[in-house]
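Lettering of chains follows the sequences in order, A, B, ..., and the numbering in each one begins at 1. Only heavy atoms go into these numbers, but all of them, side chains included; no hydrogens, no water, no symmetry mates.
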2 protein chains.
Amino acid sequence: MSIRLVIADDQALVRGALAALLGLEPDIEVVAELGDGTGVAAAVVEHSADVAMLDVEMPGLDGISAAAAVRRAAPQCRVLMVTTFGRPGYLKRAMQAGASGFVVKDTPARQLAEAVRRVHQGLRVVDPVLAAESLTAGDSPLTEREGEVLKAASDGGTVADIAKSAMLSEGTVRNYLSAAMAKTGGRTRAEAVRIAEDNGWLL
Amino acid sequence: MSIRLVIADDQALVRGALAALLGLEPDIEVVAELGDGTGVAAAVVEHSADVAMLDVEMPGLDGISAAAAVRRAAPQCRVLMVTTFGRPGYLKRAMQAGASGFVVKDTPARQLAEAVRRVHQGLRVVDPVLAAESLTAGDSPLTEREGEVLKAASDGGTVADIAKSAMLSEGTVRNYLSAAMAKTGGRTRAEAVRIAEDNGWLL
DNA sequence: AATGAGGCATGACAAATGTCATGTCGGTTC
DNA sequence: GAACCGACATGACATTTGTCATGCCTCATT
């Protein structure tokens with residue numbers, strides 16, 4: 001009885017490579033490949049998949065939301081997150097969203113297949129380097145609103161824009177940005193955005 | 001006589017996938033794989049490669065500089081650029097640096113192999129979608145200094161930082177940023193940076 | 001019930017940023 | 001050679017941004 005696997009990744013080349021490499025394993029069968037997160041839960045149900053391998057960064061529905069959707073729609077299906085960048089914050093959020101494993105993309109193919117098997121058996125798989133970083137970097141220090149405002153700022157809008165879209169006074173927006181800068185250690189808004197992104201605090 | 005190919009890409013999975021896919025072709029032989037741009041020219045010389053396949057975004061030496069280095073060190077070796085994002089500006093700069101081809105990563109494997117062959121024969125290969133975008137978006141409107149300052153700003157530094165590192169007065173820096181914003185159409189520094197990056201004007 | 005901690009929200013003030021008018025230099029055009 | 005154009009460079013001025021003191025509200029603790 002082979003493991004039925006669904007793969008979602010926006011980069012066609014990576015998706016194809018993953019499918020080809022893992023499909024070679026005798027005990028793994030790739031039943032669906034998706035280019036974004038929106039259809040993942042449906043595909044899992046349709047093909048009664050055992051494991052879903054999801055990229056964190058995807059257009060449409062992001063990987064973490066997709067993971068949550070999969071868990072809701074098919075609780076028996078395990079989720080293994082695969083990511084290009086090892087942002088520590090993603091790890092914790094993915095786990096909270098119900099993922100069973102979290103590995104980075106340049107893991108050797110053998111270990112990827114092994115990770116799929118472990119996850120299928122109900123074990124947890126976490127890249128050790130990332131786990132260590134996660135402990136060091138810890139959670140996001142930003143409050144909900146702070147993160148919200150900083151995310152809006154990351155699109156390059158002015159304070160006035162953000163204030164309007166978030167229904168806040170301009171002063172309040174500045175205050176949140178100021179707090180975000182203090183907490184991230186950045187000296188400018190742009191720096192704060194960069195630091196928060198690098199740590200996976202924005203998504 | 002098979003085509004001797006060198007592959008450089010920072011993502012191990014992609015690099016492996018490219019090597020595996022292209023190595024399957026009977027007339028292509030992958031003689032070296034690199035994870036960054038610094039050693040590419042040396043590897044090309046050492047293995048007397050016919051074609052170098054380079055990613056644009058790489059740590060260390062970027063793909064475009066690496067392309068130029070390859071052309072200098074081994075003029076008979078053709079360069080094929082492969083990129084994740086189709087930034088129009090990269091295309092032109094890559095061509096000026098001596099590349100013979102430019103394709104995006106989610107091109108089907110067959111066409112990638114075909115692109116390698118065409119390049120090897122001395123033909124030029126350009127992704128048609130990208131070529132069209134390149135004509136629309138055109139060249140970077142930024143002058144040398146404007147680009148330089150905008151690039152410095154993209155790292156999140158303050159005006160004072162940039163002024164010091166570029167040996168310019170603060171007023172001058174502000175002026176360049178202002179010009180860059182006007183030319184990109186961005187209303188803030190951050191927006192200008194984003195637009196310039198998306199168009200491949202910064203690298 | 002009182003206390004205190006923390007998130008949310010705001011406005012006044014200081015500091016940084018963005019805009020503009022101006023000037024120099026080197027190359028092109030007439 | 002004169003006139004012109006564009007890139008480079010600067011300082012003065014208006015606008016925007018970042019900091020701070022303050023107040024309100026909720027929730028957990030005493």
Side-chain angles (χ1 to χ4, degrees), chain A residues 89 92-93 96 138-199 201-203, chain B residues 89 92-93 96 137-203:
Chain A
K92 183 149 200 173
R93 298 242 298 292
Q96 284 168 348
D139 274 351
S140 170
L142 304 173
T143 71
E144 192 180 340
R145 283 277 186 288
E146 284 162 3
E148 204 174 299
V149 169
L150 192 60
K151 176 154 171 42
S154 74
D155 298 335
T158 72
V159 168
D161 296 338
I162 301 168
K164 216 165 41 178
S165 82
M167 302 276 285
L168 289 172
S169 129
E170 294 194 10
T172 307
V173 171
R174 289 196 207 98
N175 195 35
Y176 282 136
L177 289 174
S178 184
M181 288 186 295
K183 287 177 179 177
T184 57
R187 281 169 313 160
T188 68
R189 194 189 306 196
E191 220 173 1
V193 166
R194 177 165 304 243
I195 293 168
E197 277 179 348
D198 284 351
N199 282 288
W201 293 336
L202 281 189
L203 186 95
Chain B
K92 183 148 202 174
R93 298 242 299 292
Q96 283 168 349
D139 274 350
S140 169
L142 303 173
T143 71
E144 192 180 339
R145 283 278 186 289
E146 284 162 4
E148 204 174 299
V149 169
L150 192 59
K151 176 153 172 41
S154 75
D155 298 335
T158 71
V159 168
D161 296 338
I162 301 169
K164 216 164 40 175
S165 82
M167 301 276 285
L168 289 172
S169 126
E170 295 195 9
T172 308
V173 172
R174 289 195 206 100
N175 195 35
Y176 282 136
L177 289 174
S178 184
M181 289 187 293
K183 287 179 179 176
T184 56
R187 282 168 311 159
T188 69
R189 193 191 307 197
E191 218 172 5
V193 166
R194 176 164 307 239
I195 293 168
E197 277 179 348
D198 285 350
N199 283 289
W201 293 336
L202 282 189
L203 196 121

In whole angstrom, give the distance that lies between atom [atom1] of [X] and atom [atom2] of [N].
| X | N | atom1 | atom2 | result |
| --- | --- | --- | --- | --- |
| R189(B) | dT19(C) | CZ | P | 11 Å |
| R187(A) | dT17(D) | CZ | P | 19 Å |
| Y176(B) | dT19(C) | OH | P | 16 Å |
| E146(A) | dA9(C) | CD | C1' | 12 Å |
| E191(B) | dT17(C) | CD | P | 17 Å |
| L177(B) | dA9(D) | CG | P | 14 Å |
| M181(A) | dT19(D) | CE | C1' | 9 Å |
| E170(A) | dT16(D) | CD | C1' | 9 Å |

Looking for any heavy atom pair under 4.0 Å, which part of the strands does [X] touch: base, sugar-phosphate only, or nothing?
| X | result |
| --- | --- |
| R145(B) | sugar-phosphate |
| T172(B) | base |
| S178(B) | base |

Next on the checklist: Walk me through whether L150(B) and W201(B) qualify under side-chain contact (heavy atoms from CB on, under 4.5 Å).
Outcome noted: CA-CA 10 Å; L150(B) 192 59; W201(B) 293 336; over 6 Å; no
Does [Y] offer a backbone N or O that forms a donor-acceptor pair with the side chain of [X] under 3.5 Å?
| X | Y | answer |
| --- | --- | --- |
| T184(A) | A180(A) | yes |
| R93(B) | G200(B) | yes |
| R194(A) | S154(B) | yes |
| N175(B) | G171(B) | no |

Shortest side-chain distance from [X], nucleotide among [options]:
| X | options | answer |
| --- | --- | --- |
| S169(B) | dT17(D), dG11(D), dC8(D) | dG11(D) |
| E144(B) | dT17(C), dC8(D), dT19(D) | dC8(D) |
| V159(A) | dT17(D), dG18(D), dG18(C) | dT17(D) |

Checklist entry - Hey, does the side chain of T143(B) come within less than 4.0 Å of dC8(D)'s phosphate (OP1/OP2), counting only N and O? => result yes
Checklist entry - For T158(A) and L168(B), take the nucleotide of DNA chain D holding the closest heavy atom to each; which residue's nucleotide lies nearer the 5' end? => result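 Final value for this comparison: L168(B).
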Checklist entry - Checking side-chain contact (heavy atoms from CB on, under 4.5 Å) for the pair K183(B)/T143(B): CA distance, chi angles, key distance, verdict? => result CA-CA 10 Å; K183(B) 287 179 179 176; T143(B) 71; 3.7 Å; yes
Got a list of protein N/O to nucleotides 21-23 of chain D N/O distances below 3.5 Å?
none

Item to check | Step-by-step side-chain contact (heavy atoms from CB on, under 4.5 Å) determination, E170(B) to T158(B) | outcome: CA-CA 10 Å; E170(B) 295 195 9; T158(B) 71; over 6 Å; no
